[in-house]
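Heads up: the structure comes next, in structure tokens.
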Amino acid sequence: MSNQHSILKTGDWIKGKLLSGELVIGYIENLDIQSQTLKAKVVTSDNKTIEGKSLPLLNRQVTKIPSTPVKNKEQIQFLIDLALATGDEDWFLELTAKLNSMRELAEGIK
């Protein structure tokens, strides 16, 4: 068993290729360690008809997208749009709080 797949967790962002060749980017909704499968919510794909759907994938079909720290207002605004698109209210609230604290910090400097 490869190490890269044993570190996958529910909620992780992943990218992968379907057996039919389409590229998918999304997040893990469900993991089945026994059968080495997962269910991923597709956020974006080169096949637009599967965006927003939950698809079963084999662990070996996907790789985890490393999380990177958000550096600026534009990145947070993009992630807020993504949180809205995926219906992730907790993430949306976390991001808007971060954006508001950045604004307050910027106003305090003026």
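Both backbone and side-chain heavy atoms feed into the values below; hydrogens, waters and symmetry mates do not.
In this structure, the separation between CD on Glu74 and CD1 on Ile76 is 9.5 Å, given to the nearest 0.5 Å. Atom CD1 in Ile50 sits 8.0 Å away from atom NZ in Lys53 (nearest 0.5 Å). Here OG1 of Thr63 is found 8.5 Å from CG of Leu8. Values are rounded to the nearest 0.5 Å. Atom CG of Leu93 sits about 13.5 Å away from atom NZ of Lys98, to the nearest 0.5 Å. The distance from atom CG of Leu55 to atom CD of Glu22, rounded to the nearest 0.5 Å, is 9.5 Å. Here the straight-line distance linking atom CG of Leu58 with atom CD of Gln36 works out to 9.0 Å at 0.5 Å rounding.
Between Ile7 and Lys64, the shortest heavy-atom distance links the atoms O-NZ, 4.4 Å. The minimum heavy-atom distance between Lys41 and Gly52, with the atom names listed, is NZ-O, 3.3 Å. When all heavy atoms of Thr10 and Leu31 are compared, the closest pair comes out as N-CD1, 3.8 Å. A pairwise comparison of heavy atoms in Thr96 and Ile80 identifies CG2-CD1, 3.8 Å as the closest pair.
Remark: the backbone N or O of Ala40 is not paired with any side-chain donor or acceptor of Glu29 at under 3.5 angstrom.
Proximity of Phe78 to Leu95: side-chain heavy atoms (C-beta onward) are nowhere separated by under 4.5 Å. Between Tyr27 and Val43, some side-chain heavy-atom pair lies under the 4.5 Å cut-off. Using a 4.5 Å heavy-atom threshold, the side chains of Asn30 and Leu38 count as separate. Using a 4.5 Å heavy-atom cutoff, the side chains of Leu82 and Trp91 are in contact. Under the 4.5 Å side-chain criterion, counting only non-hydrogen atoms from C-beta, Glu51 is in contact with Thr44. Contact annotation: the side chain of Val62 never approaches that of Lys15 to less than 4.5 Å [non-hydrogen atoms, C-beta and beyond]. Looking at heavy atoms from C-beta onward, Ile65 lies in side-chain contact with Ile25 at the 4.5 angstrom threshold. Annotation: side chain of Val24 is not in contact with side chain of Lys17 (no heavy-atom distance under 4.5 Å).
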| field | Step-by-step side chain to side chain contact (heavy atoms under 4.5 Å, CB included) determination, Leu57 to Lys39 | value | CA-CA 6 Å; Leu57 295 164; Lys39 186 178 265 191; over 6 Å; no
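Side chains of Ser45 and Asn47: no donor on one and acceptor on the other come within 3.5 Å.
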